[in-house]
Student: 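I'd like to ask you about the structure that follows.
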2 protein chains.
Amino acid sequence: MSAASEPPGLRADAARNRRLLLDAAATVFAEHGTQASIAQIAQQAGVAKGTVFRHFPTKDDLVAAIVCDQLDHLAAVGTRLSEAADPTAALFEFMTTAVDLQSRDRSLCQASAEVFADNRAVQAAADRLTEIAEVLTGRAQTQKGIRDDVTGQDVILLLRGIYQAAAPLSDHQPTLWRRYLAVVFEGLRSPGTQPLPLPAPDLFRSSGTRVEQHRAP
Amino acid sequence: MSAASEPPGLRADAARNRRLLLDAAATVFAEHGTQASIAQIAQQAGVAKGTVFRHFPTKDDLVAAIVCDQLDHLAAVGTRLSEAADPTAALFEFMTTAVDLQSRDRSLCQASAEVFADNRAVQAAADRLTEIAEVLTGRAQTQKGIRDDVTGQDVILLLRGIYQAAAPLSDHQPTLWRRYLAVVFEGLRSPGTQPLPLPAPDLFRSSGTRVEQHRAP
DNA sequence: TCGAAAAATGACCGATGGGTCATCTTCTGC
DNA sequence: GCAGAAGATGACCCATCGGTCATTTTTCGA
């Protein structure tokens with residue numbers, strides 16, 4: 001996808017190594033999270049450490065490339081589902097896919113909160129994803145499938161929560177998240193006993209630039 | 001509480017420093033999470049680094065002490081609420097308190113998944129807390145306040161998820177978690193459109209020993 | 001085929017952070 | 001108020017990790 005597409009003018013060996021690196025990073029980050037070391041990824045790719053930094057100036061750049069790919073993949077799924085016949089079922093399927101993806105890739109969930117609130121590319125990918133979630137949510141609301149005081153942004157944030165709820169037991173019960181997805185979706189379904197407290201989160205200022213969300217550790 | 005209670009036979013200065021250390025650690029871990037360094041805590045306590053290791057042989061021991069205190073505090077709140085007149089409201093208040101505590105203490109949520117699945121003391125405290133959650137949940141179910149196919153363990157895990165959903169925006173909207181607590185509680189309320197998928201998680205084997213849950217990174 | 005540019009390499013650097021230990025300080029029982 | 005034990009100190013050790021760079025290897029157009 002976007003980050004994985006080779007920049008033009010690369011020498012043959014460079015292009016090959018770049019692919020190897022992206023594949024290796026995806027694998028290693030998925031399993032060990034973003035705290036995996038550059039050395040680990042270099043080894044997995046069968047390449048020297050210096051080569052990693054030739055392709056990605058900092059570790060964050062590499063993580064960002066991987067995470068953007070995942071977010072774009074999810075956005076593509078969402079786009080496809082936004083034309084489904086049953087909008088509420090489509091939203092549920094979107095959420096299922098998203099949490100499942102998180103459960104298979106430890107880096108995805110980390111990146112959404114950690115270092116990348118201030119990374120341009122990740123921000124943009126996250127915004128695209130939120131946009132799709134907004135569409136899916138809106139369609140389900142039109143169908144009266146879910147309560148109308150939740151937003152796409154709410155849905156995105158809840159995806160993170162659902163995965164994290166089950167995460168402590170993920171080694172033991174890898175699909176436990178389905179249980180909590182069901183609870184949350186039930187909560188989204190009908191207009192509840194009362195409206196939700198607090199306004200929905202809004203990541204955008206009137207100017208269109210994103211609000212700072214988080215400080216890097 | 002348990003971990004904070006001074007072991008007997010300590011010299012006066014040792015006892016004083018131990019208190020200073022526990023207070024400092026609670027403060028620093030709450031703000032910066034468990035990745036805060038020992039040096040940082042020593043400085044906050046006004047004590048040399050070596051002193052920290054005299055009182056707590058490893059960093060994990062110190063983190064465990066702090067986390068146990070927090071878990072026990074929460075368990076105490078739960079115990080008090082388990083005698084409330086309105087069990088469903090009591091459960092909701094328990095959950096509110098728990099998520100609020102997480103939002104004020106970054107270490108609490110980290111510790112529940114990270115290094116401490118295999119720490120005796122933390123495990124025991126978590127078990128005590130789960131026990132209380134079980135009672136609160138059971139009472140709310142008897143009152144028909146929440147669906148009867150959720151368990152106290154589910155509630156504990158969901159607490160983590162609720163906090164984590166709002167965490168990416170916690171700097172910007174510190175009480176956003178109330179919104180997602182409302183969604184989840186709505187999901188817990190009445191018997192939904194269908195029973196929850198998957199059996200509830202069960203941390204205990206028939207022997208009573210806890211199942212291994214997570215590998216340390 | 002050859003030579004220059006591009007890329008790969010891996011030893012190296014500096015910062016960080018957990019943990020140790022010889023030495024100095026403080027407490028406490030007598 | 002003294003002696004010896006308990007405790008505090010901080011310099012030090014070592015492993016890890018992100019990142020750099022001089023040197024060597026590979027590519028590829030002419």
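Each chain gets a letter, A, B and so on, in the order its sequence line appears, and its residues count up from 1.
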Student: Considering only nitrogen or oxygen atoms on both sides, find all protein atoms under 3.5 Å from nucleotides 2-4 of chain C and state each distance.
Tutor:
none

Student: Quick one: salt bridge (charged side-chain N to carboxylate O under 4.0 Å, His left out) partners of B:R80, sequence neighbours excluded?
Tutor: none

Student: Distance check needed: C:dA7 P versus A:L10 CG, whole Å only.
Tutor: 6 Å

Student: Could you pull out all residues at least two apart from B:A75 that satisfy side-chain contact (heavy atoms from CB on, under 4.5 Å)?
Tutor: B:L129, B:I132

Student: By nearest nucleotide on DNA chain D, pick out whichever of B:A48 and A:T58 is the more 5' one.
Tutor: B:A48

Student: What is the distance from CZ of A:F53 to C1' of C:dA7, rounded to the nearest Å?
Tutor: 16 Å

Student: Under the side-chain contact (heavy atoms from CB on, under 4.5 Å) test, which residues partner B:A121, sequence neighbours left out?
Tutor: B:C68, B:N119

Student: Indicate, with a heavy-atom threshold strictly under 4.0 Å, whether A:T51 touches base, sugar-phosphate, or nothing.
Tutor: base

Student: Quick one: side-chain contact (heavy atoms from CB on, under 4.5 Å) partners of A:A140, sequence neighbours excluded?
Tutor: A:T88, A:L91, A:I146

Student: Compile the donor-acceptor pairs under 3.5 Å between side chains in residues 175-182 of chain A and protein atoms, sequence neighbours left out, one pair per line.
Tutor:
from: A:W177; atom 1: NE1; to: A:P174; atom 2: O; distance (Å): 3.3
from: A:R179; atom 1: NE; to: B:D154; atom 2: OD1; distance (Å): 3.1
from: A:R179; atom 1: NE; to: B:D154; atom 2: OD2; distance (Å): 3.2
from: A:R179; atom 1: NH1; to: B:L198; atom 2: O; distance (Å): 2.9
from: A:R179; atom 1: NH2; to: B:D149; atom 2: O; distance (Å): 2.7
from: A:R179; atom 1: NH2; to: B:D154; atom 2: OD2; distance (Å): 2.6
from: A:Y180; atom 1: OH; to: B:D154; atom 2: OD1; distance (Å): 2.4

Student: Can you list everything that forms a salt bridge (charged side-chain N to carboxylate O under 4.0 Å, His left out) with B:R11? Sequence neighbours excluded, please.
Tutor: B:D13

Student: What is the distance, rounded to the nearest whole Å, between atom CZ of A:R54 and atom C1' of C:dG10?
Tutor: 14 Å

Student: Using residues 46-58 of chain B as the side-chain source, report each donor-acceptor pair under 3.5 Å to any protein atom, sequence neighbours left out, with the distance given to one decimal.
Tutor:
from: B:T58; atom 1: OG1; to: B:D60; atom 2: N; distance (Å): 3.4
from: B:T58; atom 1: OG1; to: B:D61; atom 2: N; distance (Å): 3.2
from: B:T58; atom 1: OG1; to: B:D61; atom 2: OD2; distance (Å): 3.1

Student: Give a yes/no on whether any side-chain N or O of B:H55 is located under 4.0 angstrom from OP1 or OP2 of D:dG7.
Tutor: no

Student: Any side-chain N or O of A:N17 less than 4.0 Å from the OP1 or OP2 oxygen of C:dA8?
Tutor: yes

Student: List in chain and number order the residues that pass ring-ring contact (aromatic ring centres under 6.0 Å, His included) with A:F185, two or more places apart in sequence or in another chain; answer none if no residue qualifies.
Tutor: A:F92

Student: Please write out the pairs of protein N or O atoms and N or O atoms of nucleotides 13-15 of chain D separated by less than 3.5 Å, giving the distance to one decimal.
Tutor:
none

Student: Specify the separation, in whole Å, of atom CD of B:Q35 and atom P of D:dC17.
Tutor: 16 Å

Student: Any side-chain heavy atom of A:Q164 sitting closer than 4.5 Å to one from A:Q102?
Tutor: no

Student: side-chain contact (heavy atoms from CB on, under 4.5 Å) with A:V135: which residues, sequence neighbours excluded?
Tutor: A:S82, A:R139

Student: As a test of reading the structure: which of D:dA8, C:dA8, C:dC27 is closest to the side chain of B:R16, going by heavy atoms?
Tutor: C:dC27

Student: Dump the pairs, protein N or O against N or O of nucleotides 23-25 of chain C, anything under 3.5 Å, distances to one decimal.
Tutor:
none

Student: Knowing that exactly one of B:I156, B:L71, B:V155 qualifies, which makes a side chain to side chain contact (heavy atoms under 4.5 Å, CB included) with B:T130?
Tutor: B:I156

Student: Distance check needed: C:dT26 C1' versus B:D13 CG, whole Å only.
Tutor: 6 Å

Student: Taking for each residue the nucleotide of DNA chain C with the nearest heavy atom, is it B:P57 or B:A12 whose nucleotide lies nearer the 5' end?
Tutor: B:P57

Student: Heavy-atom nearest nucleotide on DNA chain D for A:Q40 versus A:G50: which residue maps closer to 5'?
Tutor: A:Q40

Student: Rounding to a whole Å, what distance do you find between B:K59:NZ and C:dG17:C1'?
Tutor: 8 Å

Student: To the nearest angstrom, how far is A:L62 atom CG from D:dC17 atom P?
Tutor: 15 Å

Student: Counting side-chain heavy atoms from C-beta on, which of C:dT9, C:dA8, D:dT9 comes nearest to B:V47?
Tutor: D:dT9

Student: D:dC17 C1' sits how many Å from A:H32 NE2, rounded?
Tutor: 16 Å

Student: Out of the candidates B:D100, B:V99, B:L101, only one should pair with B:S103 under the side chain to side chain contact (heavy atoms under 4.5 Å, CB included) rule; please name it.
Tutor: B:D100

